[in-house]
Amino acid sequence: MMKAGSFHGSLNWKRTHYTTEIAPDLDGKEVVLTGWIKEVRDLGGIKFLILRDKEGTVQITIPRDEVEEHLIKIAESLQRQDCVSVRGVVRRMDKAPRGVEVIPRSIMLLNSAKQPLPIDITGKTPADIDVRLDARILDLTREENQAIFRIRHAALEAIREFFSKNGFIEIHTPKIIATATEGGANLFPVAYFEREAFLAQSPQLYKEQLVIDFEKVYEIGPTFRAEKSHTRRHLTEFISIDIEEAFATAEDVMEVAENLLQHVCKVINERCSRELEILKHKVEVPSIPFKRLTYDEIVNELRDLGVKISWGEDIPTVAYRTLGRLHPYFYFIIDWPTHLKPFYIKPRDDKPEISEGFDLMWHWIEIASGGTRIHKKELLIKRMKEQNLNPESFKYHLQVFDYGMPPHAGWAIGLERLIMMLTGVKNIREVVLFPRDRFRLVP
RNA sequence: GCCCUGGUAGUAUAGCCCGGUCUAGUAUAGGCGGCUGUCGCCCGCCCGACCCGGGUUCAAAUCCCGGCCAGGGCGCCA
């Protein structure tokens, strides 16, 4: 038997199983587990350690009269978050969690954790989000967080599967840019050698240009907004899921969006039932098509409920909250007044004061926005001027419109807001590993 | 940019309104001891805190002012 706690025989700590693979039918088998101590319950003559690895947990049981004296000593020294390798024998045991436990033959301490830890990694004494984010690496060991990020992973996987199957190619556009993409403010300036540059707030212009080459493109990437918002649904850095499709209209890409969301909800239900259970959350698979409500209908509905909005005004947050109660789950808002939408959104041919832009709502939260784009250079320049943007600063974008720009449409979904919907968490920072907001820049 | 709320041990909280009874209570983590079936184990002992500065007062965790930090909301947005 190896001398416990030593490192001779450098591969002795190599894992044979993950914790979740330890099942009653392995009774009697010797296994090596590696991971971290999550909890210690010492009853004197018998000690219980909960070992965590990336898959889950298993109980390590140390009965005094069944193991050697030196092992008792090591077990007594173990504390939360110590990194260990455990060689032991699986035992079927009704009284143990999942009906199985491991009786150790040797335990190697690979690294100890400094006590006391800044947060309770078992989650029994809850900590505020600010404290948890300061100790984010420890916080992420908690099973709720493991569940959130597994769902995030599964959602991204499902999204990529969906796009691939539907003929979209994944692109990456620059995040360091020379000028504002959608005009105006809210860009983070960066020192780019001797020049000033900015962090991209959206891949909008690049993805539009690329439809000439690839027709159907999507990008899943970071976007940056220097907005001083401080709410549970805003970040300064977030992941945007963007698509752009040639020879398509707003209606075409709305169908892509609803099909995608339905697919993602299905996949999460199928592949993440354990995670959803941990989060005590249910994902309802939406039926399609989603409701399409016009801006006029929304304004009228709100008026009937006493929320007055004159035509052409943007919808304030309080009004969205009211709308969310009226239309639980997904719905589109279409036929927006043109002047409320960005310059590249196409005005309707028959009624130019109305645009072909849309928003996709989930309850009261905007999850996506998009529309048919302008593909005629003259109209695009006209719209830029109407929004007080200087066409000169968009010359590289505009020149592409001389190269046979097709009619096209697209949208952008905020990944984090989608994950909020899939996990049921109330604060967007919960679904980002290291969130950035107006005040938080570390860790 | 604006508005609201809050800052008490590693963590989460009580106390604050109505100043003295606070050598600041509790839980959990941590330390020591005990305990052979725990799964929020249990029991005993111990360690550990009033954000900073100024003011009012005989007396400030408590009231007032300023600062810093945090949470939430509005506007804007995904």
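Lettering follows sequence order; numbering is per chain, from 1.
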NA contact type, [X], heavy-atom cut-off 4.0 Å: base, sugar-phosphate, or nothing?
X	answer
Gln59(A)	base
Asp65(A)	base
Pro126(A)	sugar-phosphate
Arg321(A)	sugar-phosphate
Glu101(A)	base
Leu235(A)	base

Starting at [atom1] of [X] and ending at [atom2] of [N], how long is that distance when rounded to a whole Å?
X	N	atom1	atom2	result
Arg417(A)	A78(B)	CZ	P	8 Å
Ile103(A)	U38(B)	CD1	P	15 Å
Ile119(A)	A12(B)	CD1	P	10 Å
Ile129(A)	A12(B)	CD1	C1'	16 Å
Phe332(A)	A78(B)	CZ	P	15 Å
Asp94(A)	U38(B)	CG	C1'	15 Å

Which nucleotide, [options], lies nearest any side-chain atom of [X]?
X	options	value
Lys95(A)	C76(B), A12(B), G37(B)	G37(B)
Thr317(A)	G75(B), C76(B), C35(B)	G75(B)
Arg91(A)	A78(B), G37(B), C41(B)	G37(B)
Asp314(A)	U38(B), G30(B), C77(B)	C77(B)
Arg429(A)	G71(B), G37(B), U38(B)	G71(B)
Asp130(A)	G71(B), U38(B), C74(B)	G71(B)
Gln115(A)	A78(B), C76(B), G30(B)	G30(B)
Phe439(A)	A70(B), G30(B), A78(B)	A70(B)
Thr61(A)	G37(B), G30(B), U28(B)	G37(B)
Arg41(A)	G37(B), C41(B), A12(B)	C41(B)

Is there a side-chain polar atom (N or O) of [X] under 4.0 Å from OP1 or OP2 of [N]?
X	N	result
Arg142(A)	U11(B)	no
Asn427(A)	G72(B)	yes
Lys426(A)	G71(B)	no
His230(A)	G71(B)	yes
Arg232(A)	A78(B)	no

If you apply the rule ring-ring contact (aromatic ring centres under 6.0 Å, His included), what do you find for Phe358(A) with Phe332(A), and how did you get there? CA-CA 7 Å; Phe358(A) 63 84; Phe332(A) 287 107; 5.6 Å; yes
Check: Glu208(A)/Gln204(A) side-chain N/O donor and acceptor closer than 3.5 Å: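 Yes, a side-chain donor-acceptor pair sits under 3.5 Å.
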Any luck finding a side-chain donor-acceptor pair between His172(A) and Glu219(A) under 3.5 Å?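 Result is no, nothing qualifies.
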Contact nearer the 5' end of RNA chain B, comparing Thr125(A) with Arg438(A):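 Closest to the 5' end, via its nearest nucleotide, is Arg438(A).
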Return whichever of Pro118(A) or Gly45(A) has its heavy-atom-nearest nucleotide of RNA chain B closer to the 5' end.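 Final value for this comparison: Pro118(A).
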Side-chain heavy atoms of Phe394(A) within contact of Leu380(A), under 4.5 Å: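 Heavy-atom side-chain distance check fails, nothing below 4.5 Å.
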Distance, [atom1] atom - from [M] to [N], rounded to whole angstrom:
N	M	atom1	answer
U23(B)	C18(B)	P	22 Å
U8(B)	C58(B)	C1'	26 Å
G34(B)	G19(B)	P	49 Å
U21(B)	C64(B)	C1'	25 Å

Closer than 3.5 angstrom, by distance alone: can the side chain of Arg429(A) be matched with the main-chain N or O of Arg232(A) as a donor-acceptor pair?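 It does not hold such a pair.
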Glu161(A) backbone acceptor or donor facing Ser164(A) side chain under 3.5 Å: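 Checked: no pair found.
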Enter the distance from Glu215(A):CD to His408(A):NE2 here, rounded to the nearest 0.5 Å.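 The CD atom of Glu215(A) sits 12.5 Å away from the NE2 atom of His408(A).
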Are the ring of Phe238(A) and the six-membered base ring of A78(B) within the stacking cut-offs of under 5.5 Å and under 30°?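 Base of A78(B): stacked against Phe238(A).
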Can you find a donor-acceptor N/O pair under 3.5 angstrom joining the side chain of Ser229(A) to the base of C77(B)?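 Per atom types, no contact qualifies.
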Let's test your reading of the model: under 3.5 Å, does the base of C35(B) pair with the side chain of Arg64(A) as donor and acceptor?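 Side chain to base: no pair present.
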Can you give me the N/O atom pairs linking the protein to nucleotides 7-9 of chain B at distances under 3.5 Å, or say none if there are none?
none

Enumerate the residue pairs fulfilling ring pair (Phe, Tyr, Trp, His ring centres under 6.0 Å) with a member in residues 424-443 of chain A, sequence neighbours excluded, ordered by first and then second residue.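 Ring pair (Phe, Tyr, Trp, His ring centres under 6.0 Å) check on residues 424-443 of chain A returns His230(A)-Phe439(A).
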Which side-chain N or O atoms in residues 234-241 of chain A pair as donor and acceptor under 3.5 Å with protein atoms at least two apart or in another chain?
unit_1	atom_1	unit_2	atom_2	d
His234(A)	ND1	Thr231(A)	OG1	2.6
Thr236(A)	OG1	Arg436(A)	O	3.1
Ser240(A)	OG	Asp242(A)	OD1	2.4

Aromatic Tyr18(A) / basic Lys54(A) pairing, under 6.0 angstrom, 45° off normal: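 Judged by the rule (NZ or CZ under 6.0 Å from the ring centre, within 45° of its axis), Lys54(A) counts as positioned above Tyr18(A).
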Applying the Watson-Crick and G-U wobble criteria at under 3.5 Å, what pairs with U5(B)? Answer none if nothing qualifies.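 Matched U5(B) with A70(B) under the 3.5 Å cut-off.
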